[in-house]
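Within every chain, numbering begins at 1; the chains are lettered A, B, ... in the order of the sequence lines, protein sequences first and strands thereafter.
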Amino acid sequence: MVVAALMAVAALLFGATGAAADSTSSNSAVEGKTFVIGTDTTFAPFEFRDSSGELTGIDIDILKAIAEDQGFNVQIRSLGFNAALQALSSDQVDGVIAGMSITDERKQVYDFSEPYFDSGVQMAVAESNDDVSSYEDLKGKTVAAKTGAEGEAFAKSIAKKYGFTVKSLDQSASMYELVKSGNAVAVFDDYPVLAYGVAQDNGLKIVTDKEPGGSYGFAVNKGKNADLLAAFNDGLAKLKASGKYDEILDSYLADPKAAQPTTFWQLLGNSLPALLKGLQNTLVVTGISFVVAMVIGMAAGFMKIARNVVLRGIATTFVNIFRGTPLLLWAFMFYFGIPQLTGQPINIWVAAVLTLSLNSGAYVAEIVRGGIQSVDPGQLEASRSLGLGYGKSMQKVVVPQAFKIMTPSLINQLIIMLKDSSLLLAIGFAELLYQGQQIYAANFRVTETLLIVGVIYFVAVMLLTKLANFADRRFNK
Amino acid sequence: MSTSTTDTTGQPKIQVRGLRKSFGSNEVLQGIDAEVAEGEVVCVIGPSGSGKSTFLRCLNKLEDISGGHVVVDGFDLADPKVDINEVRRHIGMVFQHFNLFPHMTVAENVMLAPVELKKASKAEARKQALELLTRVGLAEKADARPAALSGGQKQRVAIARALAMNPDIMLFDEATSALDPEMVGEVLQVIRDLAQTGMTLVLVTHEMGFAREVGDRVIFMADGVVCEEGTPDQLFGNPQQARTREFLSKVL
């Protein structure tokens, strides 16, 4: 984050001249520095997780090779295509490499490197589908394309002419599933992606020739990180000259059939470490968020029953806002929206905990209020008539009874939170379902992977429920 | 309470002047004047809705006072500067529905105030609680939960709890109204014993026979005012007001 800020200042100070000077000299401007680079989660062969859970792909290899050549370090965040671009706009990352086509529209907001790959769009259909082999066969049908990608732009440009509908999705694997399940008849995607997927037995076949398409570029935020951009261009030129560039491409495109798990048990064995890491993140973020939500919810719940109109108003407003808006909106808001307003990047854990705990806090507040109000008012009167003050009476008499009433609802809230934490995958938080996506994005074993993820969630929730009920019986005798 | 105020011999223990209480636009107490002397047993009777329970609840400020004054041991409860928690330690209260704390044992119910307010040790408080429970005949139930008790037993525990801070005034708000008839006697017996100790008691009650037997004085309330008061013999034997006669003719 400090580096990003320094780079931003440097870019402002030296502007374009700095960049021009750097491209010809040795790259002392970036040497030894660490840049955070955003990328897609699922764009094999440009970026995907190999069977050991390591991020790999053409983009990753090129970026690492350039970084090595130019002497800077990269920290790669696989956020998803749209999330990566939003992160770039909000300076959460210094650059994005995500098989992204260079378009005039994007040039308005980002600065691009020299093209590092020339792509093109192809159409693929389900292996068993012999009815669709050209654009003409698409009349009245639905096709899938990737949001914001070249394939989507091309599909939309011919949709009217051939009379089909385009359904845009965020991930390659989801598009392929859509086609295999028959909800779409064809998919338009960049040729290396399709070729790689078909080679991995993703159940599709390519039926059209490559449409001449755009070129992929590495992007930085407009007017920022000029040094990094210059270093990328310089490194890319050297890579091409040395033949290393072709070597990387060939390793993915010429013989892409990597060792993939064949049986379910192999898949399970390969994916389990990554999934358990995801489960750990899920449990930790849920645990922290629940504690914070309890504190927030207790405070807001007591404020809601306060005599003071201002306190009541604050609590009611808080509850209404967070109950009345989707969780996902707040995830985006905290991770992408607010950093753009403040100019201050936010740690993904902070954004995740804020999202979950504020949302849950609103529900906990209502549970607390309801719990306290359901205790017979005679209890408070009896305690007050003994001479105990309001606070003491609440603490000794009302809250213990209210807590007993609240416990089942709180356990419920905890379980809802654990499952809702999966929504955090949208901002690239590496929780359980996100890890699952990463795995099937690379091996296209969608159903089996989701099944494994589902079982892990189910077992986690069952164990949590048992534990909570045990605690309930233990403490609320 | 400081000795300077408790020593005001001759001054009534409780003095109520022009007490008014409204719930919204509904004025339940419309100017009550009453006095209770030290050691006196006063029974408050009257038809339902007459405001007698509200009157009693004003005596320890469970209800906020809308107008007038309630002076207990020299402390005016209408004065916001008076520490009501301090005053309440000297006034025990027993409710119609017992209001025992269900999450505590019988002994813990009785011990709560001494432990929290007098900072008594658990052992001391328990010893005192057992004495009080013996007094109401329930020592063997000390470690039971309130849910395991009969109505009469619950009310006797509630009385023991109210006595735990050694109050000099006890307020009873229809203490036997929620009880099955066969349990009324055991509770009345405990109250009767209390009256004989010389404690100041104010009872809102429907037990006319008991009021006549135990009360030093009876106050008849109707429509938010004190309609008539006097000794039990005067009020029950020779009521002066038509409203009193009408009420007594229905309940006796």
Enquirer: Select, from B:G92, B:P102, B:P167, the one with the greatest count of heavy-atom pairs under 4.5 Å involving chain A.
Expert: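 Highest number of pairs under 4.5 Å: B:P102.
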Enquirer: Between A:K392 and chain B, with a heavy-atom cut-off of 4.5 Å, which part of the residue counts as in contact: side chain, backbone, both or neither?
Expert: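 Side chain only.
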Enquirer: Salt bridge or not for B:R135 and B:E131, using N-O below 4.0 Å?
Expert: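 Here B:R135 does not pair with B:E131 in a salt bridge, since their nearest N and O are not under 4.0 Å apart.
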Enquirer: Could you look at B:L171 and say if it's the side chain, the backbone, both or neither that has a heavy atom under 4.5 Å from chain A?
Expert: neither
Enquirer: Just give me the residue among B:E116, B:M165, B:R89 that pairs up with chain A most often, heavy atom to heavy atom, under 4.5 Å.
Expert: B:E116
Enquirer: Regarding B:E124 and B:K118, does a basic nitrogen lie under 4.0 Å from an acidic carboxylate oxygen?
Expert: no
Enquirer: Could you check whether B:K13 pairs with B:E40 (Lys NZ or Arg NE/NH1/NH2 to Asp/Glu carboxylate O, under 4.0 Å)?
Expert: no
Enquirer: I'd like to know if A:E381 pairs up with A:R384 as an ion pair, taking the criterion as any Lys NZ or Arg NE/NH1/NH2 lying under 4.0 Å from an Asp or Glu carboxylate oxygen.
Expert: no
Enquirer: Between B:D143 and B:R126 (salt bridge meaning N to carboxylate O under 4.0 Å), is one present in this structure?
Expert: yes
Enquirer: Indicate whether any N or O donor in one side chain lies under 3.5 Å from an N or O acceptor in the other, for B:Q153 and B:R156.
Expert: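 No, no side-chain donor-acceptor pair sits under 3.5 Å.
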Enquirer: Answer with side chain, backbone, both or neither: which region of B:L62 has an atom nearer than 4.5 Å to a non-hydrogen atom of chain A?
Expert: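 The side chain, not the backbone.
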Enquirer: Between B:F95 and chain A, with a heavy-atom cut-off of 4.5 Å, which part of the residue counts as in contact: side chain, backbone, both or neither?
Expert: side chain
Enquirer: With a 4.5 angstrom heavy-atom cut-off, is it the side chain or the backbone of B:R161 that approaches chain A, or both, or neither?
Expert: both
